J.: 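The structure under discussion is supplied below as structure tokens; questions concerning it will follow.
Fair warning: this is a prediction, and the values are worked out from it, not measured in the lab. Side chains are part of it too, since the values below use all heavy atoms of this structure and drop only hydrogens, waters and symmetry mates.
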Amino acid sequence: MSEERSLNFLEEIIENDIEMGANDGRVHTRFPPEPNGYLHIGHATSICLNFGLAKKYSGKCNLRFDDTNPVTEETEYVESIKNDIKWLGFTWDNELYASDYFEQLYDFAVQLIRKGLAYVDDSTAEEIAATKGSLVTPGINSPYRERTVDENLQLFADMRAGKYKDGEKTLRAKVDMAHPNLLMRDPLMYRIKHEHHHRTGDKWCIYPMYDYAHGQSDSIEQITHSICTLEFIHHRPLYDWFIAQLGIFPSHQYEFARRNLTYTVMSKRKLLQLVNENHVTGWDDPRMPTVSGMRRRGYTPEAIRQFCDTIGIAKRENITDISMLEFCVREHLNKTANRVMAVLDPVKLVITNYPGGQEDVFDIENNPEDPNGGTRKVPFSNELWIEREDFMEEAPKKFFRLAPGNLVRLKGAFIVKCEGCKKDDSGNITEVHCTYLPESKSGHDTSGLTVKGTIHWVSIAHAKTAEVRMYDRLFRVEDPSSEEGNFKDYINPDSMQIIPSVYIEPALADAVPGDRVQFMRKGYFCVDTESKPGKLVFNRTVTLKDAWAKEVKRG
RNA sequence: AGUUCGAUUGUGUAACGGUAGCACCACAGACUCUGACUCUGUUAGUCUAGGUUCGAAUCCUAGUCGAACUACCA
């Protein structure tokens, strides 16, 4: 049995609605992106929420593109958004577009004009701003506010017919220019834009504003719970006003606090700058908090969903520690990623009592966490690559790796005893020498010895090579947006370090883009989209926890 | 300044008038053919001041602090 989990505030609202018989017990949500950019982890939260609630309460969730501004929107984004949602593991019930409702929205507007609740305004943008009032002072009525219904009907029809240029006229709702909520001071419903729309082409030259389109679109789709982020809370009275005046299905809006993550930025504007100014290689750069970036980084949909579920949902400002996300990624990869050996910073290990030219092949377990994970063949010989940091000529007491006199297990192979090392003229270590214990063979160990350290290795004669890209956090500070000055001043200059050639075990030679593995003791890595046979490229998804590194740092 | 929303360990989130809990992080230990994983434990919190009540994180009042809002963007 799964344990009882407390409800978040939206689940409470929904369960209460169901209990009260609201909407005949129906739950229908929607995810409404504007197709003007790529999805990021914030959107992922909203996706998990909307699709998750629909699933939990046997309801439906629509995918609706909020495409009411033809200037910024493109089909390319529609496709990437759909792809990201599918990758995250969700399926929408209906694929819809606000632009599907342009005719219906126009009819609604005519109704409001007839009721004397909307008027055509000839004021310029500057004039409207100037008469809007301020946070503490009321606005002033437009001189065009009292036009007759017939006149408004005619002018609105003329707007649609293309008789006016951009900005010459608008349609405004007639609410209250003294309302304390600025959004209620005769908000714009339509503006003129002689622009090509990615779906309606040149059919329209007037386009509805968000506030006028969104609630009505929800209503048309019979959305029961319209969930958005907190910055729209001021829009709710207007959302309700339009629906009430039109007497249409009463969808309701609920707001939650958008999620922020440490060591990154989330606003579309800032992400765009990172891309345009080449601080990253693109929207899908593995350092980006975009869904496509995280996918390329090697994060799994399961991990992202688990993360969204773990951090929960509330109405207060927040900034979630990125280590929470990394924990979820490790947790899933630990169960699913095969273990392999790769040496990133090599030094040669010579086994002096193992005959040159001889070779062993070991079957090594792919994943100790997965009983059905199977094994792979790993060749062994007298010369191996090991990590440079796994040998110390003069080692501290708690160093369990290779040091003269120390015993260490070569993962899946033998226990070796370190005999010393060879150096070049400038004192750099060029070879580590050791002898092996034949009776300590992995799985058939009769030596009776236990060793504290186990290290990974790759046989020099059999090694393949690959490029490895080591990623770190994009920023040096937890919350770049709240720091003094420009957020870009806080970019981490070492967020990507490329190692052109590392040694990998031969079993990895046919890895293909998207494959995820653990380089034992080094971290989780995935094969990059740019990787090709013979020219492999791995991205470091996330490091392993490293208690020894902490110990060393502490001194 | 006005309106609206919010405030629980370092972070995120529960507790719905009745034992302040869970996860991450940090720390300590056990285990380990990954210094990983796993397991055990530790540290640490109700913004402030009043009030209601047998009893307040929760209800009330006042304050403090934070966020959002004055785009022909969404």
J.: Contact class for A/I319 vs. all strands (heavy atom < 4.0 Å): base, sugar-phosphate, or nothing?
T.: sugar-phosphate

J.: Could you tell me how far B/rA68 sits from B/rA49 if I compare only their P atoms? Round to whole Å.
T.: 28 Å

J.: Indicate, with a heavy-atom threshold strictly under 4.0 Å, whether A/N69 touches base, sugar-phosphate, or nothing.
T.: sugar-phosphate

J.: Contact class for A/F232 vs. all strands (heavy atom < 4.0 Å): base, sugar-phosphate, or nothing?
T.: base

J.: Under 4.0 Å between any heavy atoms, over every strand shown, what does A/L135 touch: base, sugar-phosphate, or nothing? Just pick one.
T.: base

J.: Where each residue is assigned the nucleotide of RNA chain B containing its nearest heavy atom, which of A/G443 and A/H234 is assigned the position nearer the 5′ end?
T.: A/G443

J.: Determine the sole option in A/T450, A/L449, A/V451 for which the side-chain contact (heavy atoms from CB on, under 4.5 Å) test with A/S447 is passed.
T.: A/L449

J.: Which value, in whole Å, describes the distance between the C1' atoms of nucleotides B/rU9 and B/rC22?
T.: 13 Å

J.: Looking at A/F156, A/Y164, A/Y210, which hits ring-ring contact (aromatic ring centres under 6.0 Å, His included) with A/Y190?
T.: A/F156

J.: Please report whether the ring centroid of A/F102 lies less than 6.0 Å from that of A/Y207.
T.: yes

J.: Taking any heavy-atom pair under 4.0 Å as a contact, classify A/T450: base, sugar-phosphate, or nothing.
T.: nothing

J.: For the side chain of A/F327, starting at C-beta, report the closest nucleotide among B/rC5, B/rC73, B/rC24.
T.: B/rC24

J.: Starting the side chain at C-beta, find the nucleotide from B/rG12, B/rU34, B/rU32 nearest to A/P368.
T.: B/rU34

J.: Which of these nucleotides, B/rC33, B/rC69, B/rU11, is closest to any side-chain atom of A/D321?
T.: B/rU11

J.: Mind checking if A/F400 touches a base, just sugar-phosphate, or nothing, with heavy atoms under 4.0 Å?
T.: base

J.: Could A/D472 and A/R540 be called an ion pair, given the rule that one side-chain N must be under 4.0 Å from one carboxylate O?
T.: no

J.: So which nucleotide does B/rU64 pair with, by the Watson-Crick or G-U wobble rule with both distances under 3.5 Å?
T.: B/rA7

J.: Any carboxylate oxygen within less than 4.0 angstrom of a Lys/Arg side-chain nitrogen, looking at A/K163 and A/E168?
T.: no

J.: Rounded to whole Å, please give me the gap between CZ in A/R339 and P in B/rG35.
T.: 12 Å

J.: Can you find a donor-acceptor pair, distance only, under 3.5 Å between A/R259 side chain and B/rG12 base?
T.: no

J.: Under 4.0 Å between a side-chain N or O of A/K550 and OP1 or OP2 of B/rC27?
T.: yes

J.: By the 4.0 Å heavy-atom rule, please label A/K411 as base, sugar-phosphate, or nothing.
T.: base

J.: Give a yes or no on whether the backbone of A/P33 and the side-chain of A/D66 come within a donor-acceptor separation of less than 3.5 Å.
T.: no

J.: With a 4.0 Å cutoff (strictly under), does any side-chain N or O of A/T454 reach OP1 or OP2 of B/rG35?
T.: no

J.: Which of the following nucleotides, B/rG12, B/rU13, B/rC73, is nearest to the side chain of A/M209?
T.: B/rC73

J.: Is the phosphate of B/rU70 approached by A/R185 (side-chain N or O, under 4.0 Å from OP1 or OP2)?
T.: no

J.: When we call it a touch if two heavy atoms are under 4.0 Å apart, what does A/S323 touch: a base, just sugar-phosphate, or nothing?
T.: sugar-phosphate

J.: Contact class for A/R269 (heavy atom, under 4.0 Å): base, sugar-phosphate, or nothing?
T.: nothing

J.: Would you measure the distance from the C1' atom in B/rA57 across to the matching atom in B/rU46 and give it in whole Å?
T.: 5 Å

J.: Between the side chains of A/K377 and A/D363, is the shortest nitrogen-to-carboxylate-oxygen separation below 4.0 Å, so that they form an ion pair?
T.: yes

J.: Any base atoms under 4.0 Å from A/P32, or only sugar-phosphate, or nothing? Heavy atoms, all strands.
T.: nothing

J.: Please measure how far the C1' atom in B/rA28 lies from the corresponding atom in B/rC33, and state the result in whole Å.
T.: 25 Å

J.: From B/rU34, B/rG35, B/rA23, pick the nucleotide closest to the side chain of A/M520?
T.: B/rU34

J.: Given B/rC72, B/rU13, B/rU3, identify the nucleotide with an atom nearest to the side chain of A/A314.
T.: B/rU13

J.: Tell me whether A/E505 is salt-bridged to A/R376, with the criterion being a basic N under 4.0 Å from an acidic carboxylate O.
T.: yes

J.: Pick base, sugar-phosphate or nothing for A/A125, based on heavy-atom distances below 4.0 Å to the nucleic acid.
T.: base

J.: Using centres under 5.5 Å plus planes under 30 degrees as the test, is A/W548 stacked with B/rG35?
T.: yes

J.: Taking the same atom, P, in B/rU53 and in B/rU42, what whole-Å distance lies between them?
T.: 39 Å

J.: Does A/R191 have a side-chain nitrogen or oxygen under 4.0 Å from the phosphate oxygens OP1 or OP2 of B/rA74?
T.: yes

J.: Could you check whether A/H235 gets within reach of a base, just the sugar-phosphate, or nothing at all, counting any heavy atom under 4.0 Å?
T.: base

J.: Map A/V136 and A/R236 onto RNA chain B by nearest heavy atom, then report which one ends up closer to the 5' terminus.
T.: A/V136

J.: Send over the distance from A/K545 NZ to B/rC27 C1', rounded to a whole Å.
T.: 11 Å

J.: Considering every strand and a 4.0 Å limit on heavy-atom distances, what is the contact class for A/G453: base, sugar-phosphate, or nothing?
T.: nothing

J.: Looking at every strand, decide which applies to A/K193 at a 4.0 Å heavy-atom threshold: base, sugar-phosphate, or nothing.
T.: sugar-phosphate

